[in-house]
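Counting convention: from 1, in listed order, for ligands and their atoms alike.
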Amino acid sequence: MTKPVGLLTLQGDYEKHRQKFASLGVETFGVRRPSELDLVSALVIPGGESTTLTRLMDRVGLREPLLDFSVNHPVMGTCAGLIMMSSILADEKFKDFGVSPLGMLDCSVLRNGYGRQIDSFTAPVAIDILDGSKAEFAAVFIRAPRIVEVGSNADVVAAYKGEPVAVRQGNLLGLTFHPELTDDCRIHQAFLNMI
Ligand code: GLN
């Protein structure tokens with residue numbers, strides 16, 4: 001791998017992703033403006049606040065460049081990052097809060113679909129992008145979105161209580177939970193394998 005892995009550093013817990021990649025011996029580079037996408041091999045859109053991410057992304061003119069980048073580079077979104085990657089918000093009224101997803105991943109999400117901060121939880125999920133087999137991963141859900149519909153272009157790769165919690169569409173991976181908040185590096189490694 002020649003170029004570092006990009007982290008969208010507009011807002012959110014990108015530092016945790018940096019630490020995760022560092023523990024795998026992989027260099028990262030913070031992306032805040034369109035031209036910086038040329039310097040990275042892949043991109044992580046971290047968890048945070050999709051309202052703020054929407055505002056900042058549009059302010060710096062990253063919307064179209066991110067869409068172009070996603071056509072031929074791996075992109076992983078976690079929690080708010082997944083919301084930004086999704087194609088539609090299940091509850092249109094959230095538009096009032098100014099969240100406008102990029103529409104790169106064929107799924108529909110409901111923001112805060114499991115409740116409020118106090119309803120955050122950790123649970124084992126069955127995921128099938130690790131080592132080519134179904135494995136268990138301790139997933140941390142923090143004001144997580146719910147994936148309410150998965151389009152025909154995307155595949156469900158992890159489920160919790162029978163509901164999708166991660167989807168993959170070619171080189172795009174969206175997770176409702178936070179793999180950067182555990183000691184387990186397997187999802188970050190699987191993402192690196194997509195580069
Ligand atoms: N609920 C947040 C949002 O709507 C996401 C929370 C998170 O990323 N942990 O953007």
Side-chain angles (χ1 to χ4, degrees), residues 5-21 28 30-32 42-60 62-63 66-67 70 75-125 127 137-150 154 157-161 163-168 172-185 187-188 191:
V5 171
L7 302 178
L8 190 70
T9 52
L10 293 174
Q11 192 263 338
D13 78 332
Y14 50 83
E15 175 57 24
K16 291 287 182 194
H17 285 283
R18 190 195 63 73
Q19 290 167 10
K20 198 83 344 233
F21 287 116
T28 51
V31 171
R32 286 172 196 257
L43 188 77
V44 173
I45 306 179
E49 266 311 321
S50 49
T51 46
T52 311
L53 281 168
T54 296
R55 199 169 61 243
L56 296 177
M57 205 174 267
D58 287 331
R59 185 185 297 167
V60 297
L62 261 168
R63 181 170 292 270
L66 279 175
L67 276 170
S70 73
V75 178
M76 173 167 76
T78 57
C79 203
L82 160 70
I83 297 172
M84 295 312 299
M85 290 174 78
S86 71
S87 44
I88 189 158
L89 301 177
D91 193 333
E92 288 288 313
K93 78 171 189 266
F94 287 121
K95 287 223 169 90
D96 296 344
F97 294 117
V99 179
S100 175
L102 291 158
M104 58 175 73
L105 194 54
D106 193 5
C107 65
S108 164
V109 301
L110 179 64
R111 288 180 70 225
N112 302 327
Y114 296 96
R116 300 151 63 115
Q117 185 81 16
I118 197 167
D119 304 309
S120 298
F121 60 100
T122 301
V125 304
I127 184 157
F137 193 94
V140 180
F141 295 87
I142 303 171
R143 286 186 304 121
R146 250 182 153 118
I147 299 172
V148 293
E149 206 177 322
V150 180
V157 292
Y160 167 64
K161 289 189 175 169
E163 260 188 45
V165 290
V167 291
R168 179 174 181 173
L172 309 177
L173 179 62
L175 314 161
T176 63
F177 55 92
H178 289 271
E180 74 284 10
L181 296 183
T182 63
D183 291 335
D184 196 330
C185 292
I187 289 181
H188 286 75
F191 179 61

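Comment: E49 does not engage R55 in a salt bridge, judged by the lack of any side-chain N to carboxylate O separation of less than 4.0 angstrom.
Under the 3.5 Å distance criterion, the side-chain polar atoms of S87 are matched with a main-chain donor or acceptor of L105. Put simply, the side chain of K20 gets close to the backbone of T182: a donor and an acceptor are under 3.5 Å apart. Side chain of R63 to backbone of P101: a donor-acceptor contact under 3.5 angstrom is found.
Pocket lining of ligand 1, defined as residues with a non-hydrogen atom under 4.0 Å away: G47, G48, E49, S50, C79, A80, I83, R111, N112, I142, R143, H178.
For E163, the salt bridge (Lys or Arg N to Asp or Glu O under 4.0 Å) partners two or more places apart in sequence, or in a different chain, are R146.
The one candidate from V148, V167, I88 that meets the side chain to side chain contact (heavy atoms under 4.5 Å, CB included) condition with C107 is V167.
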